[in-house]
Asks: 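Here it is, the structure in full.
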Protein chains: 4
Amino acid sequence: MAQNQSAPDTTRRSERSRRAIYDAALALVAEVGYPKTTIEGIASRAGVGKQTIYRWWPSKADVLLEAFLDLADQAARAAGAADRQPYAIPDTGDLAADLKAVLRATVDELRDPGFEAPSRALAAEGLVNEELGRRFVAKLLEPQLQLYVDRLRAAQDTGDIRADVDPRIALELFVSPLAQRWLQHTGPISHDYTDTLVDYALNGLAPR
Amino acid sequence: MAQNQSAPDTTRRSERSRRAIYDAALALVAEVGYPKTTIEGIASRAGVGKQTIYRWWPSKADVLLEAFLDLADQAARAAGAADRQPYAIPDTGDLAADLKAVLRATVDELRDPGFEAPSRALAAEGLVNEELGRRFVAKLLEPQLQLYVDRLRAAQDTGDIRADVDPRIALELFVSPLAQRWLQHTGPISHDYTDTLVDYALNGLAPR
Amino acid sequence: MAQNQSAPDTTRRSERSRRAIYDAALALVAEVGYPKTTIEGIASRAGVGKQTIYRWWPSKADVLLEAFLDLADQAARAAGAADRQPYAIPDTGDLAADLKAVLRATVDELRDPGFEAPSRALAAEGLVNEELGRRFVAKLLEPQLQLYVDRLRAAQDTGDIRADVDPRIALELFVSPLAQRWLQHTGPISHDYTDTLVDYALNGLAPR
Amino acid sequence: MAQNQSAPDTTRRSERSRRAIYDAALALVAEVGYPKTTIEGIASRAGVGKQTIYRWWPSKADVLLEAFLDLADQAARAAGAADRQPYAIPDTGDLAADLKAVLRATVDELRDPGFEAPSRALAAEGLVNEELGRRFVAKLLEPQLQLYVDRLRAAQDTGDIRADVDPRIALELFVSPLAQRWLQHTGPISHDYTDTLVDYALNGLAPR
DNA sequence: TCTTAAACGAGACGGTACGTCGGGTCTTCTA
DNA sequence: TAGAAGACCCGACGTACCGTCTCGTTTAAGA
């Protein structure tokens, strides 16, 4: 509700503490799960006073969101350093192959235990806490989805996708099913599965 | 942890208390949100001792799950009494029209505030609590999805859907996008939107 | 400020917890001193939840006051069982001797470490917290002083004390100096010292 | 615990800060009471960094003690400037009258709200913190008592007091009762009361 | 007069305890 | 004997201060 009375001085913030808090938060979520992760636990594990957490974040969920964003950033930077093209879907000319490749990579990532616990926890919190949910989506999900939009737009230019299709909706045909299966355990996820999704989505269910 | 020592005698269970607890749980979730709904709050609002809740349910989530199942049952019974065909997707011969009609009804239901709060809360809890999540899916989601499977199978018989398509995956093309938009606030949901999903899914994104 | 909302049910109070809390409070005050005695410390030492303390007492000082009153009661009961005349100053006919005897006993008691820590702590708290101070005086100090009033009244009947003297003031001539020396460390206390006080008070400082 | 590493340079001390701290400490004790007076509060009210307090004083009690000594000094200097005889009990030849006059003045002083809060707070702290108590007594109480010793010695020379009386003890007959009534609220204090104390003390309680 | 080292204001930090809330267990009394 | 009531032990909450520790910024000494 109320704004932090007299916001703290960011320039004097302890980088060491910030890092320790991120690490502790991610580790605890992975080890004991989100609900059993407590602010006290994070503080104690990080070797930090509770007030240092409350000074900079309004809630446990916000700590975890920032920690996860930081983790994603680091991973992105690491990947970027390696292949120099971190933030785009490849365009080999074969749309189906490109989409399948990216979705296979996503499947692998979703199974990485280091990512699974925090991102599942954040997604869950976001369902119930709309404000946090919107930030989660805006910071993490939308940027990813935008890459699909870009690739689908390129496919429209080459005629691989009908021109009257809305790419922002189109991408959901293969992305959302994967998301739901993973989030809600409504089915197994595999490379075959995502390959199938791409085929169905591009070619349609009706006979041609 | 510990099992209820000497499981309580179901025959002597107070129906009045059970109903009061369901009502209190649903009301509280709608009013203050899931995280601020407490067992103590439910008990006090239902005019019931805490032990009466702990005797019959292992956790807050289970109370809410049963309360919601009960609510859904009641709604289904009410609808069933009216149109005598509650649990099937209509088959008018026009697959696209049938799917669009059902999805439009689903959109309306997702916007009903009485349904939204508890189902969102249960979905969130299910993300993080796998055991509960599986029950949530099995009891509520799968039966719904099975209706789509049935309708798509019928469409395969009439040749409206390719025979080599897996209906359980196919239905996700239009169901999952709606689910994700609603759950994660990744976009607005409307009749137009679901209509578009059906069109894209049936006809594919690639030009014919 | 506010009254306990819906005061707890005294009949269901745990006697075992009450005793454990008294013991822990007195022990901690004796061991680490009043300021370092904390509610958390008392609770933990007593093997009791903090809420059990907050349910029954509004503050640390109140816990200690009750604990000390209980201790004094027990001591009185023990003494009473022994000599059958616990609560009166002896009247042997020799006023000076009687007063000296009682004051010598008081000196001994003031030096008992088990009594010293809590009573000093309560006295200190009473200085600054008037409400508690008044209770401390009414429950512990005044009953003692009343015994002196009674004895001095008897002495007025036998002519050992002038009839126009106010006994409530008179007793302060020998009681208050002892109290002040003990409380404020303004001087040593000993049997000789209290004997002298009695002599000075009875005979006056001016030559006769 | 640790000694100030390399004691600070007194010559560079900020007089302005010292004064501001004294003023803030006395004001806060008067306004919110000693327990609710905090170092942070004093620092903030004085417009001073916390470290400036910790640099020069080891504890809240020490700050207040010095502040109060300073206040007493100022008051004494102000009085001294006026009547040129600040630090002695008058000797008009009438011992009883002299003592009554001084005690009446003391009663008035004890009722001055500006003095009451801090001196009561320091007395309370002194009960429980022996080291501070001894300093409080040595710096504030003993000098006052010494004046009585001097006056009583003079009275012994003129024969108004028996030669075998110990003045250090004798003075307690009228000083301690007043002190106790004030400190512990064991009774009202008034000019009549102190007059009575002097009469009883000088003439004794026994008939002559 | 300028340099320079200190005291200073500010406030972030690792901690401890506060008083409150709710969890899940247990006991007592009532219907 | 199920249920209403609620005391109990426990642990986390978010807050307030503690005493220590940097940070720039005065400010007064001595070069």
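Numbers restart at 1 for each chain; the letters A, B, ... are given by sequence-line order, proteins then strands. What you see is a predicted model; the values in this text were computed from it and never measured.
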Asks: Decide, yes or no, whether a salt bridge links D:Arg45 with D:Glu31 under the criterion of side-chain N to carboxylate O below 4.0 Å.
Replies: yes
Asks: When you measure from the centre of the six-membered ring of D:Trp56, is the NZ or CZ of D:Arg18 closer than 6.0 Å and no more than 45° off the axis?
Replies: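 Ring-cation test returns no.
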Asks: Sub-3.5 Å donor-acceptor pair from the side chain of A:Thr37 to the main-chain atoms of A:Gly33, do we have one?
Replies: yes
Asks: Find the distance A:Asp62:CG to F:dG14:P and express it as a whole number of Å.
Replies: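 Distance, rounded to whole Å: 11 Å.
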Asks: So among D:Asp73, D:Leu65, D:Leu71, which one has a side chain to side chain contact (heavy atoms under 4.5 Å, CB included) with D:Leu69?
Replies: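 The residue from D:Asp73, D:Leu65, D:Leu71 that satisfies side chain to side chain contact (heavy atoms under 4.5 Å, CB included) with D:Leu69 turns out to be D:Leu65.
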Asks: Only counting residues at least two apart or in another chain, list the ones meeting side chain to side chain donor-acceptor pair (under 3.5 Å) with C:Glu40.
Replies: C:Lys50
Asks: In this structure, how many angstroms lie between the P atom of E:dA6 and the CZ atom of D:Arg55, rounded?
Replies: 11 Å
Asks: Assess the residue pair C:Lys60 and C:Tyr34 against the criterion (side-chain contact (heavy atoms from CB on, under 4.5 Å)); give the C-alpha distance rounded to whole Å, side-chain angles, the decisive distance to 0.1 Å, and a yes or no.
Replies: CA-CA 9 Å; C:Lys60 176 172 77 163; C:Tyr34 180 73; 3.6 Å; yes
Asks: Atom OH of B:Tyr54 and atom C1' of F:dA7: how far apart are they, to the nearest Å?
Replies: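 Taking atom C1' of F:dA7 as the reference, OH of B:Tyr54 is at 15 Å.
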Asks: How would you list, by chain and number, every residue that makes a salt bridge (charged side-chain N to carboxylate O under 4.0 Å, His left out) with B:Arg16, sequence neighbours excluded?
Replies: none
Asks: Near DNA chain F, counting only heavy atoms under 4.0 Å, which residues of residues 34-41 of chain D show up?
Replies: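 D:Thr38, D:Ile39, D:Glu40, in order of number.
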Asks: Tell me, which of residues 11-32 of chain C have any heavy atom that sits under 4.0 Å from an atom in DNA chain F?
Replies: C:Arg12, C:Arg13, C:Ser14, C:Ser17
Asks: Go through it in stages, so that I can follow the logic: the residues are B:Arg135 and B:Asp62, the test is side-chain contact (heavy atoms from CB on, under 4.5 Å), and I'd like the CA-CA distance, side-chain angles, deciding distance and then a yes or no.
Replies: CA-CA 10 Å; B:Arg135 258 186 302 149; B:Asp62 286 81; 2.7 Å; yes
Asks: Measure the distance from CD1 on D:Ile53 to P on F:dG19 and round it to the nearest whole Å.
Replies: 11 Å
Asks: Of the options E:dA7, F:dA7, E:dC13, whose atoms approach the side-chain atoms of A:Thr52 most closely?
Replies: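 It is E:dC13.
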Asks: So which of residues 43-51 of chain A are in contact with DNA chain F, with a heavy-atom cut-off of under 4.0 Å?
Replies: A:Lys50, A:Gln51
Asks: How far apart are the C-alpha atoms of A:Leu64 and A:Leu26, what are their side-chain angles, what is the distance that settles it, and do they pass the side-chain contact (heavy atoms from CB on, under 4.5 Å) test?
Replies: CA-CA 7 Å; A:Leu64 193 57; A:Leu26 292 170; 4.0 Å; yes
Asks: Without decimals, in angstroms, what is the distance between A:Trp56 CH2 and E:dG11 P?
Replies: 11 Å
Asks: Taking the six-membered ring where the residue is Trp, are the ring centres of B:Phe68 and B:Phe115 under 6.0 Å apart?
Replies: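 They qualify: ring centres under 6.0 Å apart.
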Asks: With sequence neighbours left out, what residues match A:Asp9 under side chain to side chain contact (heavy atoms under 4.5 Å, CB included)?
Replies: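 Checked A:Asp9 against side chain to side chain contact (heavy atoms under 4.5 Å, CB included); matches are A:Thr11, A:Arg12.
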Asks: Take atom NZ of D:Lys60 and atom P of F:dA16, then tell me their distance rounded to the nearest Å.
Replies: 17 Å
